[in-house]
Amino acid sequence: MKNDKLSLVRPDGLPDSASRPVVTPLSPSVVYASDTPDMLDRQYDGDLSGYTYSREGHPNADVVARRIDRMEAAPHPGTMTSSGMAAVSAVLLGLTQKGDHVLGGNQLYGRSLRLMQEDLPRLGLETSLVDPTDADAMRAAIRPNTRMMLVEVVSNPTLRVADIAALSALAKDTGVLLVIDNTFTTPRAFKAFDAGADVVVHSVTKLLAGHSDVMLGYAAACDADLNARLNVFAVTTGLTASPFDCWLAERGMLSFDLRFDRAQATARQLAEHLGKTQGVKRVVYPGRPDHPDHARARSLLGDNNCNMVSFEIEGDRASANAFTRAAEGISFAPTLGDVGTTISHPASSSHRALSPDQRAVLGISEGFFRISVGLEAPDTLCEVFTHAVRAATERR
Ligand SMILES: *Cc1c(COP(=O)(O)O)cnc(C)c1O
């Protein structure tokens with residue numbers, strides 16, 4: 001049979017090369033062709049490994065997921081999702097049933113709180129939110145039908161540190177799954193599985209990818225069966241990740257350790273500096289002895305205090321406006337973990353739905369800011385903040 005290959009729409013693919021690319025190739029292909037129905041059968045049976053359809057899996061997702069698996073010492077291969085919230089959703093919806101109770105930390109990421117408060121109840125699950133720094137309160141909130149508890153190690157924006165050791169013991173005692181959102185702490189500072197997590201989730205969008213140019217999440221479970229269910233649920237509901245995002249995240253993660261170490265060293269320096277800056281009322285930083293969870297932070301994180309610093313200046317919204325305006329070159333933007341330092345103002349963003357009184361209970365005033373420290377020169381950063389604090393507080 002004459003076969004003019006050039007007239008086919010899809011010719012042979014990549015040219016042969018005895019050498020290989022150093023950089024992981026980006027593989028945007030949605031579908032993967034198998035030779036025969038027999039071969040495809042064997043792929044679906046798991047006798048032969050091979051990709052079929054990219055919602056189900058693709059090389060770029062696997063490359064990033066294996067990298068995070070290694071960092072987290074995950075016992076089974078984790079799943080990449082299209083965002084951190086996709087990972088949280090996969091865990092909360094994929095590993096529960098109608099009638100289950102889900103216990104959550106009371107200062108979870110805003111959308112996780114919303115999922116707990118609005119969506120799970122709509123689907124017939126019970127939820128309650130409790131302070132995860134108080135293990136007795138968490139224990140008291142366990143019900144016979146409690147299926148899991150979802151906590152973050154360090155809370156946003158008040159940087160409270162959950163009592164993970166006690167919560168892990170409580171989980172073992174009661175058979176409740178401990179789900180840890182390790183986004184803030186990252187596996188560089190905190191090995192969640194070692195600390196007793198049954199399930200670990202990440203917003204890879206933040207520190208791991210680190211450049212604010214991808215949205216991505218990750219979830220993995222300690223138990224093989226739960227881990228497989230997580231993956232199947234993410235694939236079925238289409239929560240899985242795109243090749244391009246995974247490809248970019250892999251590149252970002254090549255420098256993750258260096259970025260994290262540098263950012264947390266600068267954060268320590270900035271926290272000390274702010275503590276001595278006139279006009280700053282208080283600094284919230286787990287590495288400071290005046291932090292309410294200082295001792296726990298040391299025992300859980302060792303010398304790591306992550307890259308987040310919160311602080312409060314005197315004044316009202318006008319002072320807050322003056323502060324962000326004067327902090328030139330620092331993005332006032334609701335994210336964290338970027339290579340550049342970002343400032344967040346919880347009263348107008350993450351905590352805007354709360355009343356001023358509710359915010360006051362958390363210590364979140366109009367003068368309260370959270371900083372995600374990036375890779376700027378530490379001295380320059382300290383100067384910019386001194387200037388901005390002065391601009392905000394001297395105008396009063
Ligand atoms: C940002 C964030 C999420 C959600 O991640 P996205 O990638 O934005 O969907 C979940 N948990 C924590 C702690 C976060 O900071």
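Atoms within a ligand are numbered from 1 in the order they appear, just like the ligands themselves. Note that the numbering runs from 1 along the sequence shown for the chain.
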Per-pair distances, 0.1 Å, donor-acceptor, side chain in residues 378-388, under 3.5 Å, sequence neighbours excluded:
{"unit_1": "Asp379", "atom_1": "OD1", "unit_2": "Gln269", "atom_2": "NE2", "d": "3.3"}
{"unit_1": "Thr386", "atom_1": "OG1", "unit_2": "His273", "atom_2": "NE2", "d": "2.6"}
{"unit_1": "Thr386", "atom_1": "OG1", "unit_2": "Cys382", "atom_2": "O", "d": "2.8"}

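Put simply, the side chain of Arg67 does not reach to within 4.5 Å of the side chain of Tyr218, judged on heavy atoms.
Residues that satisfy the ring-ring contact (aromatic ring centres under 6.0 Å, His included) test with Phe311, not counting sequence neighbours, are Phe323, Phe369. For Phe332, there are no ring-ring contact (aromatic ring centres under 6.0 Å, His included) partners, not counting sequence neighbours.
Between the Ser242 side chain and the Asp245 main chain, a donor and an acceptor come within less than 3.5 Å of each other.
In summary, Glu126 and Arg143 engage in a salt bridge, as defined by a charged side-chain N under 4.0 Å from a carboxylate O.
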Report each N/O pair between ligand 1 and the protein that falls under 3.5 Å, naming both atoms.
{"unit_1": "ligand 1", "atom_1": "5 (O)", "unit_2": "Ser203", "atom_2": "OG", "d": "3.0"}
{"unit_1": "ligand 1", "atom_1": "7 (O)", "unit_2": "Gly84", "atom_2": "N", "d": "2.8"}
{"unit_1": "ligand 1", "atom_1": "7 (O)", "unit_2": "Ser203", "atom_2": "OG", "d": "2.8"}
{"unit_1": "ligand 1", "atom_1": "7 (O)", "unit_2": "Thr205", "atom_2": "OG1", "d": "2.7"}
{"unit_1": "ligand 1", "atom_1": "9 (O)", "unit_2": "Gly84", "atom_2": "N", "d": "3.1"}
{"unit_1": "ligand 1", "atom_1": "9 (O)", "unit_2": "Met85", "atom_2": "N", "d": "2.8"}
{"unit_1": "ligand 1", "atom_1": "11 (N)", "unit_2": "Asp181", "atom_2": "OD2", "d": "2.7"}
{"unit_1": "ligand 1", "atom_1": "15 (O)", "unit_2": "Lys206", "atom_2": "NZ", "d": "2.8"}

